[in-house]
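What follows is a short report on a single structure.
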Amino acid sequence: MILLKKITSTFLGLLTLALSTTTIAQTIRYHPIQQYHTAAFLHPGILHKDSDLARMKQMVAAGAAPWKGGFEKLAEHPQSSANWKPQPQEHVERTLLIGHSKGIGQLEGDVNAAYQNALMWCITGKEAHAQKAIEILNAWSATLKVFDGTDIELGAGLCGFKFANAAELMRYTYPKWQAADIVRCQQMLRNIFYPPLKDFALWAHGNWDLCCMKTMMAIGIFCDDHAMFDKAVDFFYNGQGNGALKHYIVNENGQVQESGRDQPHTQLGIGQMAEICEMGWSQGLDMYSYADNRLLKGFEYVAKYNLGEDVPFIPYTDMSGRFTADKIAPRTNNPLRAIFEMVYNHYVIRKGIAAPWTTKAAESLRPEGAGFGADHPGFGTLLFTLKR
């Protein structure tokens, strides 16, 4: 009887979420209030520019620390192998809340493999990795027809971001990728991955909005779609949902909207926000500095707490009014995600701003390994360590 009540409660909760999602989606269409990027996009220019790829290649070839250790993490990972076997699906469903997903595991594995093989190609010049990345991209763009589920924004956001990054790298570093296949990949990203993201996720925790935002920016760059890119950038500054910067990092202390929920989701959110800022930086926008470096304050707060120190917490209700918290969520046994190198290198190395707790977190993980699932690029020591 108790189990039946729990199942019924879960079902009703999901139904309420679905209905509220549909209502919001039908009544809110988000339009940017200004243009943010009018010049031609830099390519490659999502997370990695030509200069970034050249730095990685040079430092790995020289056996220089810490890039060498970071590359070893990437090279030994199973999804970096040129022997990876893609498993494209015609229908993918992400409905993790009730355990009724379909094909999402295959998609997540393949998007990681496409991105990591693209990186391996760019760093080593071994064509087998280029061919594998292209094989995965082509297989999915030729096969995938439907992507749905109650968690579609998360699935399309996380996986679409990895696909767009892989495709951007291959398009501008591997001239053997056929033009027709590139167009088909763009169509997959525009027609299957983008529609669930286009109006964000105003009913949800902020990491949902952030999934939408980062992938919208990435697809915008890969498809040379300035309107799509600007839409995500504007939401970062002015959005009504929890994913806008000042709605996600809710105060000057650095407290995060999901700090009272749990620490993994909190790090998922700030990690995605960093990826958004790094894409902006690649395209000449300094989103990192917005609101007096508010992103850094969030990273310092999260790093300090997850390294075992106390931080202030103010009871908070999110923008949707659905989620409240009166105390900070406990730490986990493995507290830190592979998200800190990117932010450490921007603020401390590029900008010369002190970030003691972010620095300690980055040092404790160095060399960073893979991200959790398909949540983040991971491998930050290799990808984002700058020359001093």
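Computed from heavy atoms alone, side chains included, the values below leave out hydrogens, waters and symmetry copies. Everything numeric here is computed off the predicted structure, so don't read it as measured data. One-based numbering along the sequence shown.
- Comment: K132 engages E135 in a salt bridge, judged by a side-chain N to carboxylate O separation of less than 4.0 angstrom.
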Query raised in the report: Checking side-chain hydrogen bond (donor to acceptor under 3.5 Å, both in side chains) for the pair Q58/K387: CA distance, chi angles, key distance, verdict?
Result: CA-CA 11 Å; Q58 176 191 4; K387 296 179 185 178; 2.6 Å; yes
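- Inter-residue side-chain proximity for L137 and D181 is flagged as unmet; no heavy-atom pair is nearer than 4.5 Å.
- Remark: aromatic rings of H376 and F372 are distant, center separation not under 6.0 Å.
- Here the closest non-hydrogen pair linking K231 and D199 is NZ-OD1, 4.3 Å.
- Between the OG atom of S81 and the NE2 atom of H129 there is a distance of 7.0 Å, given to the nearest 0.5 Å.
- Both L169 and W121 are assigned to one and the same hydrophobic cluster, defined by single-linkage of ILVMFWY side chains at heavy-atom distances under 4.5 Å.
- Distance check: M279 CE to M213 CE gives 9.0 Å after rounding to the nearest 0.5 Å.
- Atom-to-atom distance recorded for E72:CD and T381:OG1 is 11.5 Å, nearest 0.5 angstrom.
- Classification of R94 and D148 as a salt-bridged pair fails, no side-chain N sitting under 4.0 Å from a carboxylate O.
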Query - Steps toward side-chain hydrogen bond (donor to acceptor under 3.5 Å, both in side chains) verdict (W208, N242) - result: CA-CA 9 Å; W208 289 55; N242 289 315; over 6 Å; no
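- When every heavy atom of C185 is checked against every heavy atom of A167, the shortest pair comes out as SG-CB, 3.9 Å.
- With respect to D225 and R190, a salt bridge is recorded, a charged nitrogen being found less than 4.0 Å from a carboxylate O.
- For the atom pair CE (M287) and OH (Y237), the distance works out to 5.0 Å, reported to the nearest 0.5 Å.
- More than 12 heavy atoms of other residues, nucleotides or ligands sit less than 6.0 Å from atom NZ of K49.
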Query raised in the report: Can you check side-chain hydrogen bond (donor to acceptor under 3.5 Å, both in side chains) on D286 and S289, steps first, answer last?
Result: CA-CA 6 Å; D286 186 4; S289 67; 3.1 Å; yes
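- At least one side-chain heavy atom of F161 sits under 4.5 Å from a side-chain heavy atom of E275.
- Atom-to-atom distance recorded for I123:CD1 and H48:NE2 is 8.5 Å, nearest 0.5 angstrom.
- Atom CD1 of I221 sits about 11.5 Å away from atom CE of M228, to the nearest 0.5 Å.
- The heavy-atom pair separating E341 from A362 by the smallest distance is OE1-CB, 3.9 Å.
- Taking the centre of each ring, H247 and F235 stay at or above the 6.0 Å mark.
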Query - Residues F193, F147; criterion ring-ring contact (aromatic ring centres under 6.0 Å, His included); working and verdict - result: CA-CA 8 Å; F193 284 86; F147 196 169; 5.6 Å; yes
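- F41 is listed as a side-chain neighbour of F229, based on a closest heavy-atom distance under 4.5 Å.
- With F299 as the fixed residue, the ring pair (Phe, Tyr, Trp, His ring centres under 6.0 Å) test singles out one of Y344, F340, Y347: F340.
- Taking the side chain as every heavy atom from C-beta outward, H205 and D318 never approach each other to under 4.5 Å.
- The two atoms that bring A133 and A114 nearest to each other are CB-O, 3.6 Å, heavy atoms only.
- By the criterion of side-chain heavy atoms lying less than 4.5 angstrom apart, applied directly or through intervening Ile, Leu, Val, Met, Phe, Trp or Tyr residues, I46 is grouped together with M342 in one hydrophobic cluster.
- The cationic atom of R294 (NZ for Lys, CZ for Arg) does not lie both less than 6.0 Å from the six-membered ring centre of Y288 and within 45° of the ring axis.
- The hydrophobic clustering, which links ILVMFWY residues whose side-chain heavy atoms are closer than 4.5 Å, places I104 and L268 apart.
- Contact of the M56 side chain with the F71 side chain is not registered, since no non-hydrogen atoms from C-beta on lie closer than 4.5 Å.
- Judged by distance alone, with hydrogens and angles left aside, the side-chain atoms of S364 form a donor-acceptor pair with the main-chain N or O of A361 at under 3.5 Å.
- Counting only heavy atoms from C-beta outward, the side chains of L47 and Y115 approach each other to under 4.5 Å.
- Residues Y316 and F323 keep their aromatic ring centres 6.0 Å or farther apart.
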Report task. Take F222 and H43 through the ring-ring contact (aromatic ring centres under 6.0 Å, His included) test and state the conclusion after the steps. Result -> CA-CA 8 Å; F222 177 59; H43 296 293; 8.2 Å; no
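- For the residue pair L53 and P44, the shortest heavy atom distance occurs at CD1-CG, 4.3 Å.
- Under a hydrophobic clustering in which Ile, Leu, Val, Met, Phe, Trp and Tyr are joined whenever their side-chain heavy atoms come within less than 4.5 Å, directly or via other members, L295 and Y305 fall into the same cluster.
- Side-chain polar atoms of Q131 and K126 form no donor-acceptor pair below 3.5 angstrom.
- When side chains are defined from C-beta on, T332 counts as touching P264, because their heavy atoms get closer than 4.5 Å.
- At a threshold of 4.5 Å between non-hydrogen side-chain atoms, the residues K73 and E368 do not count as touching.
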Requested in this report: Could you go through the side-chain hydrogen bond (donor to acceptor under 3.5 Å, both in side chains) check for Q34 and D234 one step at a time?
Outcome: CA-CA 7 Å; Q34 69 179 76; D234 192 75; over 6 Å; no
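- When atom types are taken as modelled, the side chain of Q283 and the backbone of L42 share a donor-acceptor pair closer than 3.5 angstrom.
- Electrostatic pairing of D110 and K162 does not count as a salt bridge here, judged by no charged N lying under 4.0 Å from a carboxylate O.
- With hydrogens and angles disregarded, a donor-acceptor distance shorter than 3.5 Å links the side chain of S282 to the backbone of E278.
- Clustering ILVMFWY residues whenever any of their side-chain heavy atoms sit less than 4.5 angstrom apart, transitively, puts V256 in a cluster other than the one holding V250.
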